[in-house]
Structures are given as structure tokens and as C-alpha cells.
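Note sheet for the following structure.
The structure displayed is predicted, hence computed values, not measured ones. The figures here come from the full heavy-atom set of this structure, side chains too, leaving out hydrogens, waters and symmetry mates.
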Amino acid sequence: MMDRSAALVQADRALESGDDRAAAAALDRAWGLEPSDPRVTALRAEVLDRLEVREHGLVWRYVPAGPFRMGSDDGDPDERPVHTVDLEGFWIMDVPMTWADDCRLRGWSAPPGAMPDPWPEDVSRFPYAQHHKVRMQYCEDQGGGYATRPLVAVAWQDAEALAAHLSTEAVQYGLPTEAQWEKAARGGRIGARFPWGDGAPEPGWCDHDALHAFSIRDPRTTWRNGYGLYAMAGTVAEWTVTPYDALAYRGRPVSPEATERVLRGGSWADSLAGCTVSFRTSRASRSQLDEGWAPNLTPTLGYRLIRVD
């Protein structure tokens, strides 16, 4: 990895040539090594704001290319060892997908009905209305409702189907890999436990430990990290495209028969320990359009998509 001085030189050259993506990568490195530098902080934020994309009625924030340190040597065994992962740049939604946006992008009627329009002939019923009982409390009984609250109890298959529907030859959408999610969650911080640093959150920063209230907050009221992303800790646990293996960080190839995908971020119902940027959990999933109960039908699971071009 380049040192801070070299990163700043590279950033200046990239800015002079008008290459905001290269500048973002270099400034991200410099900021991670010294987050308290006000000049670098302001310049980095300015470049990342220029790289923001508003598309399909969603806000996409840029995560710069470059290496980062993934995992935690102080976390659970499946978070070890810490290892370096080098990624290309990508965009990711600034908040988890909401009920209203999910239905709008699919061309369905608006929630609470949330029915496919037109109705598929091979679907006898649509289970959003039955399996999402929590919506009555956290959408219909709270301000903002379906336009601000994340869709929950969603299957990764349905998230991927929406991503495929939106994708074109020029721009592709999808669920993030586990590594992409963690880099995005860290927000440029190196080695921190949470998107804001190592300490416990101030009130309002993280929507967690709310099982007693059985409610979920508007993600944009939570901590906004260094990439401009909200609710990367708590709110809803988010699907990734990565199959789960407890020994994946130790070099064991993931079995092609793996039935569970990695979930990241923790949720409104989890303790703070489950909301670190490195915490890993998993679950199996089945499409909402299938009949019967599925392991993803819980009010703690959501998703956000990435964008690459």
C-alpha cells in the first residue's frame, strides 16, 4: 500500500487531469491514514459528492478502488484472520431498499397492497401482505412509512431478479459481495469496529437493541459514514452475493453446495456486538413468489444494491 505522502501526490495529479475516480482512491487512502486532516477530509468529501449518481430514483454513493483490511482479529472465529482485499471502484445505494422503491422499480402497485401489476398467471397469491406483519407498526404507524422504511423479509433471489431487470449493457446492478459490503461499511476507516470508529455509538447513530419496541427507524436518521452511506450498522441485516463458509478467510474454498448467503450489518433487533463492520452471519432464502414459509421471512432482513459501469 502507498504511504500518505504518495497518496496525496497521486490525488493532486488525478485532480489536475480531471480523473475523479483516481483522485477518490488516492484521497481515500490518505484520509484512512489520517482522518483528522481537515483539508483532506473536505477534499475527499467534495470528490465523492461529485461522483454521486442519482439513477432510478435512488442515490448511489461511490466506493473508491483500492485495497482494504477485511475482517477482525478480535471478533468471532469466522472473522479471522484480517486480510487485505483489493477491489475495483463501485457505487452502492446510500440506504437499504425501501418498500416503496422496491415495488416502484418492479412495476407493482404501491404498498401496502404491493401486488404485481399485471398479476402473474402462475402466482395464486402474493405473500408480502401476510408475511410482513411488522409493516403495520413500522410503516403505517410511524412517520415516513413505506417511502423511508426498508423492505424486510426479502429473499436474495428477489433482490437479484430486480437487479437483473434494471441492468443494461452499460450499467450492471447486483447484490454486493461480502468484501464490497465490508469496504463500503467501513467508509474508509482502517481497522475500526464500526462505521464511526471503535467506541460505542452516540444516541441515534445505530438502530439496534429495539426488539422491545418492535420498530425500525428511518435509515437516514442514523450515522452517515465516510462514503455517505447510512445504516451500515443496525437497521436491517443485508444480503450479499457471497455463499457462507466459516473458514473462508482461512483459504478454504466455499462449497458449491452451500445453501446460505452471508448477511452483514446487524439489525434493529440485534445487540451492538452483531452490528460491527466485520460480523458475519448467514441464512438460506426462497423467493417471495413461492408458496409457503421460507427462512428469510423475518422482519430483520433487507438489502441494498451496488452499481458498476
Side-chain angles (χ1 to χ4, degrees), residues 53 55-61 63 90-111 114-117 120 123 126-129 131-132 134-135 139 146-168 171-185 216 219 229-232 234-244 258-268 280-290 292-308:
V53 171
E55 201 168 61
H56 299 295
L58 306 172
V59 177
W60 304 85
R61 296 291 299 183
V63 179
F90 62 94
W91 285 263
I92 188 168
M93 292 170 59
D94 72 329
V95 293
M97 184 70 77
T98 66
W99 284 74
D101 284 332
D102 184 275
C103 294
R104 174 180 59 80
L105 293 169
R106 295 180 194 275
W108 293 351
S109 58
M115 300 298 182
D117 183 17
V123 177
F126 189 64
Y128 269 21
H131 295 336
H132 291 70
V134 70
R135 80 179 198 277
C139 285
Y146 297 104
T148 63
R149 297 307 192 274
L151 175 68
V152 294
V154 63
W156 83 62
Q157 292 91 336
D158 292 327
E160 289 177 339
L162 176 58
H165 171 71
L166 297 176
S167 294
T168 66
V171 180
Q172 292 79 48
Y173 303 90
L175 290 174
T177 66
E178 183 177 13
Q180 287 172 325
W181 190 96
E182 183 169 326
K183 181 171 184 179
I216 189 169
L229 306 174
Y230 300 91
M232 297 302 286
T235 304
V236 288
E238 298 177 17
W239 287 114
T240 74
V241 73
T242 305
Y244 178 78
T259 59
E260 298 192 353
R261 294 275 187 90
V262 175
L263 285 161
R264 287 303 205 100
S267 78
W268 58 271
R280 308 174 71 216
T281 187
S282 66
R283 191 176 286 261
S285 180
R286 189 170 69 242
S287 173
Q288 305 279 18
L289 294 178
D290 294 335
W293 200 258
N296 54 282
L297 294 175
T298 170
T300 60
L301 305 186
Y303 76 99
R304 70 180 89 201
L305 299 177
I306 64 165
R307 173 192 186 276
V308 294

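Between the CD1 atom in Ile306 and the CZ atom in Phe90 there is a gap of 6.0 Å [rounded to 0.5 Å]. In this structure, the separation between CG on Asn296 and CZ on Arg283 is 8.0 Å, given to the nearest 0.5 Å. Atoms CG and CG, on Leu162 and Leu175 in that order, are 9.5 Å from each other to the nearest 0.5 Å. Considering CZ of Arg264 and CH2 of Trp181, their distance stands at 6.0 Å, rounded to 0.5 Å. Considering CG of Leu151 and CE of Met97, their distance stands at 8.5 Å, rounded to 0.5 Å. To the nearest 0.5 Å, the span separating CD on Glu238 from CE on Met232 amounts to 5.5 Å.
Taking the side chain as every heavy atom from C-beta outward, Thr235 and Trp268 never approach each other to under 4.5 Å.
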For Gln180 and Val241: C-alpha separation, side-chain torsions, deciding distance, then whether side-chain contact (heavy atoms from CB on, under 4.5 Å) applies. CA-CA 10 Å; Gln180 287 172 325; Val241 73; 5.9 Å; no

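Side chain of Trp239 to backbone of Val154: a donor-acceptor contact under 3.5 angstrom is found. In terms of modelled atom types and a separation under 3.5 Å, the side chain of Arg61 and the main chain of Leu229 share no donor-acceptor contact. Side chain of Arg104 to main chain of His56: a donor-acceptor pair is present (N/O by atom type, distance under 3.5 Å, no hydrogens or angles).
Tyr303 and Asp158 form no side-chain donor-acceptor contact under 3.5 Å, judged by distance and modelled atom types alone.
When all heavy atoms of Glu260 and Ser282 are compared, the pair lying nearest together is OE1-OG, 2.5 Å. Leu166 approaches Leu305 most closely through the heavy-atom pair CD1-CD1, 4.4 Å. Val262 and Tyr244 get closest at one heavy-atom pair: CG2-CA, 3.7 Å. Closest heavy-atom contact between Thr98 and Ala147: CG2-O, 3.6 Å. Closest non-hydrogen pair, Ser285 versus Pro295, comes out as N-CG, 3.9 Å. Scanning all heavy atoms of the two residues, the minimum distance from Arg307 to Tyr173 falls at CG-CE2, 3.7 Å.
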